[in-house]
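First up is the structure itself, then whatever we jot down about it.
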Amino acid sequence: MLNTCFLVIETYENIPGQSKITFLLQAIRNTAAAEEARQMAAVLLRRLLSSAFEEVYPALSPDDQTSIKSGLLLIIQLETQSSMRKKICDIVAELARNLIDEDGNNQWPEVLKFLFDSVSSQNVGLREAVIAALLQTMEDQGNQRVQAHAAAALINFTEDCPKSLLIPYLDNLVKHLHSTMVIKLQELIQKGTKLVLEQVVTSIASVADTAEEKFVPYYDLFMPSLKHIVENAVQKELRLLRGKTIECISLIGLAVGKEKFMQDASDVMQLLLKTQTDFSDLEDDDPQISYMISAWARMCKILGKEFQQYLPVVMGPLMKTASIKPEVALLDTQDMENMSDDDGWEFVNLGDQQSFGIKTAGLEEKATACQMLVCYAKELKEGFVEYTEQVVKLMVPLLKFYFHDDILLMNSTSMPLLLECARVRGPEYLTQMWHFMCDALIKAIGTEPDSDVLSEIMHSFAKCIEVMGDGCLNNEHFEELGGILKGKLEEHFKNQELRQVKRQDEDYDEQVEESLQDEDDSDVYILTKVSDILHSIFSSYKEKVLPWFERLLPLIVNLICPHRPWPDRQWGLCIFDDIVEHCSPSSFKYAEYFLRPMLQSICDNSPEVRQAAAYGVGVMAQFGGDSYRPFCTEALPLLVRVIQSPDAKTKENVNATENCISAVGKIMKFKPDCVSVEEVLPHWLSWLPLHEDKEEAVHTFNYLCDLIESNNPVVLGPNNSNLPRIFGIIADGEIHEAIKHEDPCTKRLANVVRQVQTSGGLWTECISQLNADQQAAIQELLNSA
């Protein structure tokens, strides 16, 4: 038997290497063969690639090499046995390891795509096998480049991986990352090698960022080592490692939350402060700078108001980076030929043999710094007031900075936040700041060509008006703004006509339609921002702004014509909703234009249009005055028809339905003589609670409290027999977080519950009819209020 065994081994050894690969692959593919035989073939093929790769693989023809690589990836996908799949993954890992050259170039790019696809696959077995192979490859201590590539693949996986998909592998991932980090930290100390450690640190950050609070159990495993790196990796060649570690610490802190991170917050802040005070010694291209800027912003999010004390140290370098001025040049063809691609210039051809050039170095850092300033203003609010003036003076001129969209976006986003910060200094300071911003914002709305940037500027302008309120715009502002908004609406209609013409063109096809749809979506988004601006003006100025609005009136009326696309009708109705809500009773003079379309839209095919119409009826009842009474009566059966339709509570319809329910409640509350309240109330009660539209949920719960507190007999029922049902409504509202705990309505609901709590038997009856989740929700409500 022993001789036979040696004979088999000798026979196998004598087979040429290229033939061995072919035979072994065939044996692995043969699903009819015994499992043991296929597993043996897999083990032998992996050993062959491990021990004799240089002798065997390069001698294969390019076609054979391609066939082997694609064949292995296909086998993994088709394999049904988990142990066999694991062994084939080991073969792929071995081959991939050998196909990375000495310069770190990956000669099998398809395998990376396969890995990313596999780790996101619905096939759990495939996913597990590939992740295991990736982790095993990362622990290949013999090849730094291979480890770095495996860690990079892991980063890509965790960055794109949903949290729910990552959690089952979290323990295993963390174990491998920690063991690799410990080894690589020793290698850094002993040999000075850092490539893999840089990637592993980024992998840890990525895993924590995705896992969020689920990373808490592993926090103490990593934080001491990470702090050690920041403290000791001070040499110039370790700048990137140190920067990435700073990023990792701040991302872990954000993931696990303030409570867990506070044990190290002081140490970390001291390390960051030391680095920050050494900033004057750092070169302009030091990679630590951008990592530091982002880390400070994360620390601000973690610490909240406690971060304010560090602003004097942080703001200097941040403002310096945000103030970077790019080099620009106008060059002719001859000058262009002398420019190297490596110089970091980008060019736009202007014709006539001339090009406009901009040196892009520093632009990303400038964009990041602007983003951090926005973060500080948002998180610290009045705590940032000392810096608002210098930041406004930096940001406002950048509204004309056309070289980088992200910088434009951040600058416009910052404006209302900076006004909020400055409010604490009093109205005079606030008004001065607004005057510095206002003209620039209006000019930008009129001239910005990029629709994404334009929409953000319009949104910020609307938010600024909400902050500043009545009186913030003078006659010149209104004149200029009116002309701009009129132009935007006219352009909206013109673009729709042009798209219809293109749809009649002989070259029209699916691809053209897709492009036209993208254009339409972009136009509609600008229309929503026109609505935002008008909303902020109506809510601030009330009816006295109506004469100004009349130049836009024909265009808004055109939006709600029955033949218009549903988004036009939706946003046209929203604008009239605002007029009714904020400009009544004067709003009724426009009733001839919008009332009939609004009532007809309650039962529209589009849920978005139904929602806008129903909200309009609600504000008619609440704010409209006596002139609107007959229309509230007319609207009621239409609202009920929508609420009682079979698909009323489906995902696409629920918001419209909830606005209809809220509108019925508002008619009963504010126009009770328009409706038989006693007849409608039992139906209305059966439709509660609302939980998707949080704003309308508050209205309905407040009205429910009114009815209960006034001992309404229809709501309470004979001998309080409806109270268990009311408890169920309150509990379900709490479960769905329909009302925030800080809202006064929560206290009213809790008081209703407490009143019943004192009446013994009635309390027992109410609680006994609730399920466990509802009972817990009632307790949560009592605890929170």
Side-chain angles (χ1 to χ4, degrees), residues 90 93 97 100 104 119 128 131-159 161 166-212 214-235 237-256 260-261 263-265 267-268 271-272 275 287-288 291 295:
D90 291 343
R97 183 184 293 125
I100 294 173
V119 291
E128 288 177 349
I131 290 173
L134 204 57
L135 293 172
Q136 182 182 324
T137 308
M138 200 170 70
E139 292 191 334
D140 177 11
Q141 305 302 334
N143 192 326
Q144 297 270 334
R145 290 285 177 188
V146 170
Q147 282 187 293
H149 273 274
L154 191 63
I155 292 164
N156 277 309
F157 162 55
T158 50
E159 281 180 348
C161 178
L166 180 71
I167 299 308
Y169 309 103
L170 188 57
D171 208 54
N172 199 24
L173 274 173
V174 167
K175 186 176 73 175
H176 281 79
L177 282 170
H178 182 252
S179 61
T180 306
M181 184 183 77
V182 169
I183 293 166
K184 293 300 155 188
L185 200 47
Q186 287 302 314
E187 284 183 11
L188 174 68
I189 295 164
Q190 293 163 8
K191 304 176 189 174
T193 54
K194 63 182 189 301
L195 173 68
V196 180
L197 186 56
E198 287 173 356
Q199 293 284 32
V200 168
V201 165
T202 305
S203 298
I204 295 164
S206 182
V207 169
D209 192 34
T210 302
E212 296 176 319
K214 298 292 183 185
F215 197 80
V216 170
Y218 312 107
Y219 175 90
D220 296 317
L221 203 58
F222 291 102
M223 194 52 72
S225 298
L226 294 169
K227 282 162 53 181
H228 177 83
I229 293 171
V230 174
E231 201 166 354
N232 295 286
V234 292
Q235 300 90 325
E237 64 273 13
L238 299 179
R239 295 181 306 178
L240 183 60
L241 171 63
R242 194 165 188 272
K244 287 187 171 187
T245 309
I246 287 167
E247 175 187 56
C248 182
I249 288 172
S250 63
L251 279 168
I252 288 175
L254 208 54
V256 302
K260 180 66 180 172
F261 185 66
Q263 65 193 57
D264 292 295
D267 289 350
V268 170
L271 287 170
L272 292 180
T275 307
Q288 291 179 89
Y291 287 115

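Position 1 is the first residue of the sequence, and the numbers go up from there.
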Practice prompt. Using the side chain to side chain contact (heavy atoms under 4.5 Å, CB included) rule, take Ile204 and Val207 through it: C-alpha gap first, then chi angles, then the decisive distance, then the call.
Written response: CA-CA 5 Å; Ile204 295 164; Val207 169; 5.9 Å; no
Residues in side chain to side chain donor-acceptor pair (under 3.5 Å) contact with [X], at least two apart in sequence or another chain:
| X | answer |
| --- | --- |
| Thr202 | none |
| Glu237 | none |
| Tyr218 | Asp171 |

Worksheet entry | Interatomic distance, Ile183 atom CD1 to Leu197 atom CG [nearest 0.5 angstrom] |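 Reported to 0.5 Å precision, the distance equals 11.5 Å.
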Fill in: Distance in Å, Leu240 CG paired with Leu238 CG, rounded so as to fall on 0.5 Å steps
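Answer for the CG-CG pair, Leu240 versus Leu238, is 9.5 Å.
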Worksheet item: In chain order, what residues pass the ring-ring contact (aromatic ring centres under 6.0 Å, His included) check against Phe261, with sequence neighbours excluded?
Response: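 None.
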Discussion item. If the condition is ring-ring contact (aromatic ring centres under 6.0 Å, His included), which residues does His228 pass it with, not counting sequence neighbours?
Written reply: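 For His228 there are no ring-ring contact (aromatic ring centres under 6.0 Å, His included) partners, ignoring immediate neighbours.
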Worksheet entry | Min side-chain heavy-atom separation Leu226-Ile252 under 4.5 Å |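 Touching, per the 4.5 Å side-chain cut-off.
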Worksheet item: Is there side-chain contact between Leu188 and Leu241, with heavy atoms separated by less than 4.5 Å?
Response: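 Leu188 vs Leu241: side chains touch.
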Might you point out which heavy atoms bring [X] and [Y] nearest each other, and give the distance in Å?
| X | Y | value |
| --- | --- | --- |
| Cys248 | Val201 | SG-O, 3.5 Å |
| Ile246 | Tyr291 | CG2-O, 4.3 Å |
| Phe222 | Met181 | CD2-CE, 3.8 Å |

Worksheet item: Which residue pairs pass the salt bridge (Lys or Arg N to Asp or Glu O under 4.0 Å) test when at least one of the two sits in residues 218-232, sequence neighbours left out?
Response: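 Sorted result for residues 218-232: Asp220-Lys260, Lys227-Asp264, Lys227-Asp267.
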Discussion item. With side-chain contact (heavy atoms from CB on, under 4.5 Å) as the test, pick out the partner of Ile249 among Leu272, Leu254, Leu271, Val268.
Written reply: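 With Ile249 as partner, side-chain contact (heavy atoms from CB on, under 4.5 Å) holds for just one option, Val268.
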Worksheet item: Which one of Leu173, Asn172, Leu177 satisfies the side-chain contact (heavy atoms from CB on, under 4.5 Å) criterion with Lys175?
Response: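 In the set Leu173, Asn172, Leu177, the residue that makes a side-chain contact (heavy atoms from CB on, under 4.5 Å) with Lys175 is Asn172.
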Practice prompt. For residues 242-252, pull every pair meeting side chain to side chain donor-acceptor pair (under 3.5 Å), keeping only residues two or more places apart or in separate chains.
Written response: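 Those involving residues 242-252 are Arg242-Thr275, Arg242-Gln288, Ser250-Arg298.
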Fill in: Those residues that, when tested against Asp90, pass side chain to side chain contact (heavy atoms under 4.5 Å, CB included) (two or more places apart)
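If we apply the side chain to side chain contact (heavy atoms under 4.5 Å, CB included) test to Asp90, skipping adjacent residues, the hits are Arg46, Lys86, Gln136.
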